[in-house]
Amino acid sequence: MLVRDTIANAVAAALEKASSDGVINVDSVPEIEVERPNNADHGDFATNLPLRLARAARANPLQLAQLIAERIESTPEIDSVAPAPPGFINFKLSESWLQQQVETVRAAGDSFGACDIGAGRKVMVEFVSVNPTGPVHVGHTRGAVLGSALANTLAAAGYDVTREYYVNDGGSQMEAFYRSVWTRYRQALGQDAEMPENGYQGEYIADIASEIIESEGNRYLDKAEATAVREIGDVARDKMVALIRNDMDAIGVSFDNWFSERSLFQNPDSPSSDYDRAMARLRSGSHLAEHSGALWFLSTAFGDERDNVVVRSSGEHTYFASDIAYHFNKFAERGFDRVIDIWGADHQGHVIRMKAAVQALGIEPDNLTVLISQMVTLKRGDETVRASKRTGDFVTLRELVDEVGMDACRYFFLARAASTQMEFDLELATRESSENPVYYVQYAHARNASILNLAAERGIDYGAGDVSLLTHPNELELIRTMLRLPELVVQVAENLEPHHLPHYAMELATAFHHFYENCRVISADQEDNELTLARLKLVAAAQVAFRRTLALMGMSAPDRMERS
RNA sequence: GUCCCAGUAGCUCAGUGGACAGAGCGGCUGCCUUCUAAGCAGCUGGCCGCGGGUUCGAAUCCUGCCUGGGACGCCA
């Protein structure tokens with residue numbers, strides 16, 4: 001149990017006692033909030049319960065604080081309980097309990113920070129899902145980093161997490177892509193072919209075409225155009241997906257599943273496809289209607305501004321229709337308890353209709369959460385870099401990672417709340433790459449590691465170290481900071497806000513640097529022997545905290561760092 | 001026109017209704033014979049966009065306005 005909860009329980013019990021003692025009269029008890037005060041002088045935790053109770057109890061909040069505080073039973077965690085104006089109750093953690101946590105953290109190892117608020121529930125995080133028509137660019141990179149860190153944290157919080165990439169391999173944009181490759185293929189073979197109007201201009205199209213020529217020669221030229229486009233398209237799509245997979249690799253993102261849009265329309269094991277069944281379900285609920293020759297989903301019934309077409313008058317289904325089938329598949333077919341979609345800002349207008357569709361399918365709409373990852377504006381100094389796939393003028397994930405590095409890249413994207421637009425200055429990111437927070441954190445870990453390495457070299461066995469010797473303020477500060485990781489996991493998992501991770505990492509690093517500066521660990525002085533052993537234990541525990549934090553963020557934890 | 005996001009230190013951004021508003025970067029001073037100075041210590045720096053409201057208490061909630069960005073297709 002988190003200390004926070006222990007304290008909340010103690011407060012609740014004290015309030016109950018005060019009530020049965022007849023000194024406090026309240027009809028209803030508000031939820032007990034236990035928070036970390038901004039000012040460390042106020043202790044480790046505080047509750048504002050007396051302030052919230054004052055009106056209902058018709059009493060002075062400070063007096064209430066007094067009455068509750070004196071009824072709080074002592075626990076191993078709590079050292080002191082103090083009422084404070086205007087009506088807080090402040091808690092200080094006991095030093096001996098804190099010291100003991102060093103052992104607890106070491107013993108927990110990789111499971112440190114884990115909890116079970118997810119209770120094994122199946123949750124899918126679907127993210128990136130860029131159309132395989134071109135390389136992944138910077139905006140998508142943000143979503144990739146966000147999704148993977150979120151998935152990591154949800155897993156730590158006890159959810160059964162599936163990371164999924166939705167491959168949009170159908171639709172008209174893919175058609176344009178297929179035709180673009182076909183055109184470049186023919187041009188490369190000396191034919192007179194003209195790029196379609198909505199074609200993709202990027203150089204990578206020509207690259208793919210020449211790769212195909214290299215491996216398969218000109219054999220597609222002999223085929224009928226429609227066949228050639230389809231076949232060469234399939235090859236090109238597979239190449240694009242492989243490319244995207246590599247890009248994801250470069251940024252440290254992996255998926256459990258790559259889900260094909262086309263598969264929604266073909267289902268060999270069943271008389272009907274996901275698409276057919278989803279549509280049937282909507283039809284039976286009277287959520288579909290035909291007019292102007294098209295089939296519409298009646299989303300206005302769910303508060304949307306207008307209805308949306310699912311089948312065009314041409315008979316082709318829309319992207320939205322695929323998406324309905326896809327979500328039907330996620331919930332009804334695969335049985336996910338919860339689905340989190342991470343979409344780019346350009347899809348924000350689709351959230352309402354997607355939730356409406358889910359509801360119309362008979363699924364609790366709250367089980368679907370759509371996170372919008374806002375725009376990333378790229379700059380090089382004062383110059384704004386436009387990002388457009390069509391013109392081929394954009395900065396790719398690959399270019400970004402080559403320039404800034406994976407860890408820095410992840411850190412910068414993670415550090416900003418998903419809902420806010422961010423500016424990414426490439427020049428600045430490169431220039432400051434040796435002076436940025438990423439290295440501050442990793443350097444702390446490297447310092448940590450080098451102490452342990454030295455201890456190993458000298459064959460020091462600190463297993464018997466006595467943690468009760470850890471009384472220096474910087475030692476206790478470090479322990480306190482380590483202990484916030486489990487709370488952080490809960491917070492990130494509940495609010496789906498991974499941007500707290502880097503901020504916590506900074507604070508952990510600061511606590512460690514302070515400790516490093518003021519508490520010599522491996523002492524040359526024989527008299528400090530016992531303290532050395534105790535501190536080595538603390539260092540080992542801190543290493544656990546660093547590794548867990550960096551792992552959640554998907555960043556590497558280097559044992560050595562040196563300036564070149 | 002409707003909707004979404006944002007406006008906090010010179011810059012980039014944290015801040016889950018609480019007790020004197022924070023970090024990194026930048027700028028200015030100091031500190032390496034001891035586990036890595038990618039570090040530490042100190043200084044510099046803010047009508048939390050503006051006006052109302054709710055509250056014992058507002059950067060945080062509500063509302064109006066201003067500024068910037070984005071979305072509003074039988075595209076995906």
Side-chain angles (χ1 to χ4, degrees), chain A residues 33 35 37-39 41-42 46 48 51-52 54-55 61 84-88 90 131 133 168 170-176 198 261 292-296 305-306 308-320 322-323 344-352 372 374-375 377 412 415-425 428-429 431-444 446-455 457-458 491 494-495 497 499-500 502-503 506-507 509-510 512-514 516-525 532 535-536 539 560-563:
Chain A
E33 293 174 8
E35 60 189 15
N38 285 327
N39 187 338
D41 292 344
H42 294 135
N48 60 2
L51 284 161
R52 295 157 60 88
R55 179 188 282 255
F88 293 99
N90 295 333
N131 288 0
T133 55
N168 293 116
S172 59
Q173 291 203 3
M174 279 309 282
E175 197 58 37
N198 58 353
E261 178 188 356
S292 316
L295 188 64
W296 300 70
E305 283 179 6
R306 52 183 179 76
N308 289 277
V309 172
V310 285
V311 181
R312 294 190 273 264
S313 47
S314 66
E316 296 170 303
H317 65 269
T318 60
Y319 167 86
F320 179 46
S322 302
D323 238 6
D346 52 343
H347 285 63
Q348 55 160 270
H350 301 171
V351 177
I352 290 178
I372 297 297
Q374 282 291 341
M375 293 247 313
T377 312
F412 280 126
R416 278 121 182 95
S419 62
T420 65
Q421 292 154 205
M422 66 175 283
E423 220 168 62
F424 202 119
D425 190 332
L428 203 67
R431 177 151 43 88
E432 288 182 352
S433 65
S434 60
E435 297 287 341
N436 65 39
V438 184
Y439 299 100
Y440 182 83
V441 174
Q442 291 183 327
Y443 183 53
R447 276 181 149 182
N448 184 308
S450 80
I451 295 172
L452 294 176
N453 285 340
L454 183 62
E457 266 173 42
R458 300 204 181 157
Q491 186 191 3
E494 280 180 348
N495 302 329
E497 290 177 341
H499 71 269
H500 298 299
H503 292 276
M506 280 296 288
E507 285 171 37
T510 300
F512 187 81
H513 285 309
H514 289 174
Y516 185 94
E517 205 72 27
N518 297 315
C519 303
R520 174 80 201 176
V521 177
I522 299 175
S523 171
D525 195 336
T532 291
R535 284 181 171 170
L536 279 170
V539 172
R560 301 188 61 77
M561 284 175 77
E562 262 153 294
R563 271 223 143 93

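In what follows, chains carry the letters A, B, and so on, assigned in the order in which the sequence lines appear, proteins first and then strands, with residues in each chain numbered from 1. All figures in this text were calculated on a predicted structure; none of them were measured in a lab.
Comparing Ile522(A) and His514(A) by the nucleotide of RNA chain B whose heavy atom lies nearest to each, the residue mapping closer to the 5' end is Ile522(A). Across the interface with RNA chain B, nearest-nucleotide mapping of Tyr443(A) and Ala84(A) shows Ala84(A) to be the residue nearer the 5′ end.
If you check rC35(B), rA76(B), rC40(B) against the side chain of His513(A), the one that comes closest is rC40(B). Counting only heavy atoms from C-beta on, Tyr439(A) has its side chain closest to rA38(B) among rC75(B), rG18(B), rA38(B). Comparing rG73(B), rU12(B), rG39(B) by their closest approach to the side chain of Arg416(A) singles out rU12(B). With distances taken from any side-chain atom of Gln491(A) to the nucleotides rU16(B), rC35(B), rA19(B), the minimum falls on rU16(B). Residue Gln173(A) has its side chain nearest to rA76(B) when only rC35(B), rG39(B), rA76(B) are considered. When distances are taken from the side chain of Ser419(A) to each of rA19(B), rC74(B), rC5(B), the shortest belongs to rC5(B). The Ser450(A) side chain lies nearest to rU36(B) when the options are rA19(B), rG70(B), rU36(B). Counting only heavy atoms from C-beta on, Ala417(A) has its side chain closest to rA14(B) among rA14(B), rU36(B), rA76(B). Residue Arg447(A) places its side chain closer to rA37(B) than to any other of rC35(B), rA19(B), rA37(B). In this structure, the nucleotide among rG24(B), rG73(B), rA14(B) sitting nearest to the side chain of Met506(A) is rG24(B).
Rounded to the nearest 0.5 Å, atoms OG1 (Thr318(A)) and CZ (Arg312(A)) are 6.5 Å apart. Rounding to the nearest 0.5 Å gives a distance of 8.0 Å between OG1 of Thr420(A) and NE2 of His499(A).
The residue Pro37(A) sits close to a base: some heavy atom pair falls under 4.0 Å. Within the 4.0 angstrom heavy-atom criterion, only backbone atoms of the sugar-phosphate kind lie near Asn38(A); the bases stay farther away. As judged by a 4.0 angstrom heavy-atom cut-off over every strand, Met174(A) is placed among residues making no nucleic acid contact. As judged by a 4.0 angstrom heavy-atom cut-off over every strand, Ala446(A) is placed among the base-contacting residues. Tyr516(A) comes within 4.0 angstrom of a nucleotide base, judged by non-hydrogen atoms across all strands. Within 4.0 Å (heavy atoms only), Arg458(A) reaches no atom of the nucleic acid at all. Counting non-hydrogen atoms under 4.0 angstrom, Thr510(A) reaches nothing in the nucleic acid. Using a 4.0 Å heavy-atom cutoff across all strands shown, His347(A) reaches at least one base atom of the nucleic acid. Residue-level contact check: Asp346(A) touches the backbone only, with heavy atoms under 4.0 Å from sugar-phosphate atoms and none from bases. Heavy atoms of Pro502(A) sit nowhere under 4.0 angstrom from any nucleic acid atom.
Formation of a donor-acceptor pair under 3.5 Å by the His513(A) side chain with backbone atoms of Tyr443(A) is not found in this model. Under the 3.5 Å distance criterion, the side-chain polar atoms of Arg416(A) are left unmatched by any main-chain donor or acceptor of Ala418(A).
Looking at Ser313(A), its side chain comes within 3.5 Å of the base of rC74(B) through a donor and an acceptor atom. At a cut-off of 3.5 angstrom, the base of rA76(B) holds no donor-acceptor pair with the side chain of Asn198(A). Counting atom types as modelled, Asn48(A) pairs a side-chain N or O with a base atom of rG18(B) as donor and acceptor under 3.5 Å.
Here the separation of rU2(B) from rU8(B), taken at their P atoms, is 26 Å to the nearest Å. Annotation: rC47(B) and rA59(B) have their C1' atoms spaced 13 Å apart (nearest Å). rU63(B) and rU55(B) are spaced 16 Å apart, taking the C1' atom of each and rounding to whole Å. Rounded to whole Å, the separation between the C1' atoms of rC5(B) and rG42(B) comes to 39 Å. Here the separation of rG10(B) from rG49(B), taken at their P atoms, is 13 Å to the nearest Å. A gap of 24 Å separates the C1' atoms of rG26(B) and rA6(B), to the nearest Å.
Residues Phe320(A) and His350(A) form no side-chain contact, since every pair of their non-hydrogen atoms from C-beta on lies 4.5 Å or further apart. With contacts defined as side-chain heavy-atom distances shorter than 4.5 Å, the pair Tyr439(A)/Met561(A) qualifies. By the 4.5 Å heavy-atom criterion applied to side chains, Glu33(A) and Asn48(A) are counted as neighbours.
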All N/O pairs under 3.5 Å across the protein-nucleotides 67-69 of chain B interface:
unit_1: rG69(B); atom_1: O2'; unit_2: Gln421(A); atom_2: NE2; d: 3.4
unit_1: rG69(B); atom_1: N3; unit_2: Gln421(A); atom_2: OE1; d: 3.2

(request) Map every base of RNA chain B to its dot-bracket character, where paired means a Watson-Crick or G-U wobble contact with both distances under 3.5 Å and | marks a partner outside the strand. (result) (((((((..((((....[...))))((((((.......))))))....(((((..]....))))))))))))....

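Looking only at atom types and distance, the side chain of Glu261(A) has a donor-acceptor partner in the side chain of Ser322(A) under 3.5 Å away.
Between Arg306(A) and rA71(B), a side-chain N or O to OP1/OP2 separation shorter than 4.0 Å is absent.
Residues passing the salt bridge (Lys or Arg N to Asp or Glu O under 4.0 Å) test with Arg306(A): none are found, sequence neighbours excluded.
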